[in-house]
Amino acid sequence: MRYNFLEIEKKWQNYWSKNQTFQAINNSSKPKYYVLDMFPYPSGAGLHVGHPLGYIASDIYARYKRHKGFNVLHPQGYDSFGLPAEQYAIQTGQHPAITTETNINRYREQLDRMGFSFDWSREVRTSKPEYYKWTQWIFLLLFDSYYDKKEDKSKSISDLVIQFEKDGNEFILAECDADTPLFTADNWNSFSANKKEQILLKYRLTYISETEVNWCEEMGTILANDEIVNGMSERGGYPVTKKKMKQWSMRIGAYAERLLQGLETIDWPDSLKEMQRNWIGKSTGALVKFKVKGHEDVIEVFTTRPDTLYGVTFMTLAPELDLVQKITSEQQKEAVNSYVTQTAQRSERDRMSDVKTISGVFTGAYAIHPLTDEEIPIWIGDYVLAGYGTGAVMAVPCGDQRDYDFATHFNISIKNIFSETDISKEAYTDKGAGVKLQDSDFLNGMEYSEAMKVVIKYLEETGSGKGTINYRLRDAIFSRQRYWGEPIPIYYKEGLPVPIPSDCLPLELPQVDNYLPTSDGAPPLGNANKWAWDIKKNQVVDNSLIDQVNIFPLELNTMPGWAGSSWYFNRYMDASNTAEFVSKEAVSYWKEVDLYLGGSEHATGHLLYSRFWQKFLFDLGFLPVEEYAKKLINQGMILGSSAFIYRKKGTQEYLSKGLIEGVEVEPIRVDVSLVNLSDELDCEAVKKWQSQFEKATFIYENGVYKVGREVEKMSKSKYNVVNPDQICDDFGADTLRMYEMFLGPIEQAKPWNTAGMSGVHSFLKKMWKLSHPENDFSLSDEAPSPESLKTLHQTIKKVTEDIENFSFNTCISAFMICVNELSSQKCNHKLIIEPLTVLLAPFAPHFSEEIWSLLGHDESIVYAEYPMYEEKYLIESTKNYPVSFNGKMRFTRELSLDLTAKEIEEIILSDEQTKKHLDGRQPKKIIVVPGKIINIVG
RNA sequence: GCCUCGGUGGCGGAACUGGUAGACGCGCUGGAUUCAAAAUCCAGUUCUUUCGGGAGUGUGGGUUCGAUUCCCACCCGAGGUACCA
């Protein structure tokens, strides 16, 4: 019998699905282990070979952990709300729910073919009402909470109201909008309900406000900061401009410090942690108040260098600030206004592309230096951003390069406060030790760190400033002007948002007959006829009934893509619970994800937002841990290898790759499926593939047409997509799984090359042959030879270590070496093959199941115990062991064969020469590597 | 510019604490088997050589008995970020 992978794989996939083999239980005497993949967005294009890379790795680990005796949770689901389904709906009128369903079915089919051990009974889909009910429920919790900075946690907004009633807000330390007014208890109690609600909105963790947003005209929606790349939309690449709009936001800034601190406690890649740190962007400094000459107003600036306060020679404000209008003098009015309009019109991209151009206008106003009382000219300039700090900077040209350039450009005076430095060409930005301050009154002679402390203390004492920490992280905009997302469970009464009662959830997406925004610019939900809330009946009713008494209009925006993905990992623990988002029992059993696998592109989006929600739900006591993923691994992308044919300029002649030198050709991509494993093109197929090639003439070399190759991102438009179904047909899922792992380290990006498949495929065939010596399954019951045992145990050791280190590529090398050795030893002993089958099961599960059942086992191999290695079989027969002590000693001696590491250690320590060298010192560690060198570490 | 990671044969990539660089696979070369092909198996494959050897892990230095590995400077590539005060 030959290795019939198609039959075997089908058989075991059916077996697993029929027996629900991988269903996890929510309690067990075994230790728990939770392996999670980032769930996919089911796109219409289906999967290509790059997608399952992470799923294969996590599946190997999950299966390995099951063998090791863990109760493993390994779920999968779909992030099924999103833009492409909606755009498809706009084009075709087909409801996104239908396309989504179709795509999911296709995904499921493809995933099933690869033999994943997912527990599908826990599947989640973010677009299902049973799921988004809880996304809405979390939204309402956020709406009903504020962040208490004293206790450093989120609490119910009703606690805040109690404090307002008692003491007003003057002494309350809570995260709120910058423009929140101060009031006393008496004030509060005299406020109207409407006014009270307006104030509370400034404290709620999700709130509505007029904000400057990233507006994308072409897409008709606003975008979050992490959805913008180079000033263009991440999806589609459309230009993005700034616009003021009323929007829902999440007060993620309240959690900035905890999000930063939490990174220390989790085992995530350093690069990813660093990205999050940069995104949060903590900087320590001071807020300094400057009075404006002849005005009541005070300008507050944030600076990280208060020590350079005496070097301030001017001040710059962001042009968008309201204050600019107030303080501008009559003479400068015109110039300022034209500058302000000009900057408002520039798109984000324009502004970024000419960073080097210095522009700005003098306002005619002067600020008073808080320490010297000198008059300082106030300028506006677009290098100052309204959204960071206070939107105003104190300019110290001698210590900051931008200030220096600005001052030089506009001929503003520069004062050097650093002794013994040369600032004739550029600013002195170093804050290292050695340079002392001068011309700085009481700071004279001090260095950076001392001056910082002294000046902050002085500012605080005189009331002209205070030490502060500032974060770059801005509140996350939460509304999207889209149809295919979670409805926000809010209705509007007297212009203010009111939550619908949480026991009325889910608030289901209404039917609309047009998925585009309405003619007056309202989001697509504005097209719904039945989208009003009846507070008496507590249900959705017809818009025509809106009376502003009992029936009110519902929110038209929907939630962004990251809403549903910010908590799904908790839902898997208890996916079918209809009473809670996850039960206390389930979450206290599974607690958190032990291993999370996904791409690093989510570093500043999903992976930050989800940590935020986790911390919030933890604060309210719904979850037992503050960080939801203990360990995270980023899998690298699999790149495509595009195929090129070369058209001779101006002709229909296409030259084979070897013939293009010296000829003027244009390379054109062809579909990689039209090229065989030796890079030879199927010319007839190309002619049929696209009409532009119908009349093509192909010029061969050595009788074939060879294509050129180039490594690029795998994508449909580059015709370099390789379909996993095709690979499963040709080589089998087990070969695909092993080959994807063999390609290289998981974290690394690496190019796909189908030709390499034959290597791992023939490994499986060889292994099959071992157990089928004369084409029939037959194993010897005799005791295996010492060589075979050594081979087996070497493999067990290497494979085990490599799995633990997620080094799956070297694991597969070990398997290959093992089978090559066993083949040359003609070993078909049951005592070797049986443990090897278990060892291989995580990688090639169908293959192993088949051998396992041929071995006469009734139960699935999933329950087989992972083999242990025996050290005594591992010592190589080697003559020479050079021994060194801390790199200072070296000699060679003979050792007899087949000793354990322990025995070798004893021999070395009893050796006269070793004793002499050690000279009474105790070695800390003796490292024995078979066939290699022995190190004695002192 | 800044931050992070990386640079090893024709290619993907090995080399654990410094200890025989190039494991394993692809490709290539030769051979066996076959009427032939597929499949399979065996041998070879860093470069160079006067067949003794010599050179070699981006470049140049350093530490060390010994460096792909550690230190310094530089070059190149990938990803992130960008007037962040």
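Labels below follow one simple rule: chain letters A, B, ... track the order of the sequence lines, proteins then strands, and each chain is numbered from 1. As the structure is a computational prediction, the values presented were derived from the model and not from experiment. Below, each value reflects all heavy atoms present in this structure, side chains not excepted, and no hydrogens, waters or symmetry copies.
If you take CD of A:Gln276 and P of B:C3, they are 20 Å apart, rounded to a whole angstrom. The CD1 atom of A:Ile812 sits 12 Å away from the P atom of B:A14 (whole-angstrom rounding). One atom, CD of A:Glu740, and another, P of B:G13, lie 14 Å apart when rounded to the nearest Å.
The side chain of A:Asn809 contributes no N or O atom lying less than 4.0 Å from OP1 or OP2 of B:G12. Proximity of A:Gln748 to the phosphate of B:G13: a side-chain N or O atom is located under 4.0 Å from OP1 or OP2. The side chain of A:Arg709 contributes no N or O atom lying less than 4.0 Å from OP1 or OP2 of B:C11.
Between A:Phe406 and A:Tyr383, the ring planes lie tilted relative to each other; the angle falls in the 30° to 60° range. The aromatic rings of A:His761 and A:Phe731 sit perpendicular to each other, their planes meeting at more than 60°, with 30° as the lower class boundary.
Checking B:C83, B:A23, B:C3 against every side-chain atom of A:Glu274, the shortest atom distance belongs to B:C3. Of all nucleotides listed (B:U81, B:G25, B:C83), B:G25 comes nearest to the side chain of A:Phe742. In the set B:A85, B:U81, B:G13, the nucleotide with an atom closest to the side chain of A:Val384 is B:A85. In this structure, the nucleotide among B:G12, B:A15, B:A85 sitting nearest to the side chain of A:Thr810 is B:A15.
At the heavy-atom level, A:Ser758 lies under 4.0 Å from the strands shown only through sugar-phosphate atoms. At the heavy-atom level, A:Asp270 lies nowhere under 4.0 Å from the strands shown. Nucleic acid contact for A:Ala749: sugar-phosphate only, since backbone atoms but no base atoms lie under 4.0 Å from a heavy atom of the residue.
Comparing the same atom, P, in B:U45 and in B:A38 gives a spacing of 25 Å after rounding to whole Å. The same atom, C1', is picked in B:U20 and in B:U68; the two are 14 Å apart, to the nearest Å. If you take atom P in B:G60 and the same atom in B:U8, they sit 16 Å apart, rounded to whole Å. On the C1' atoms, B:G1 is 31 Å away from B:U69, given to the nearest whole Å. Remark: the separation of the C1' atoms in B:G12 and B:U63 is 34 Å, to the nearest Å. Rounded to whole Å, the P atom of B:A21 lies 33 Å from the corresponding atom of B:G31. A distance of about 11 Å separates the C1' atoms of B:G56 and B:G9, rounded to the whole Å. Separating the P atom of B:A15 from that of B:G66 is a span of 25 Å, rounded to the nearest Å.
With a glycosidic angle more than 90° from 0, B:G27 adopts the anti conformation.
For A:Val301 against A:Val393, the heavy-atom pair with the smallest separation is CG1-C, 3.8 Å.
The base of B:C2 has none of its N or O atoms less than 3.5 Å from a complementary donor or acceptor on the side chain of A:Asn278.
Between the side chains of A:Glu712 and A:Ser642, at least one donor N or O lies within less than 3.5 Å of an accepting N or O.
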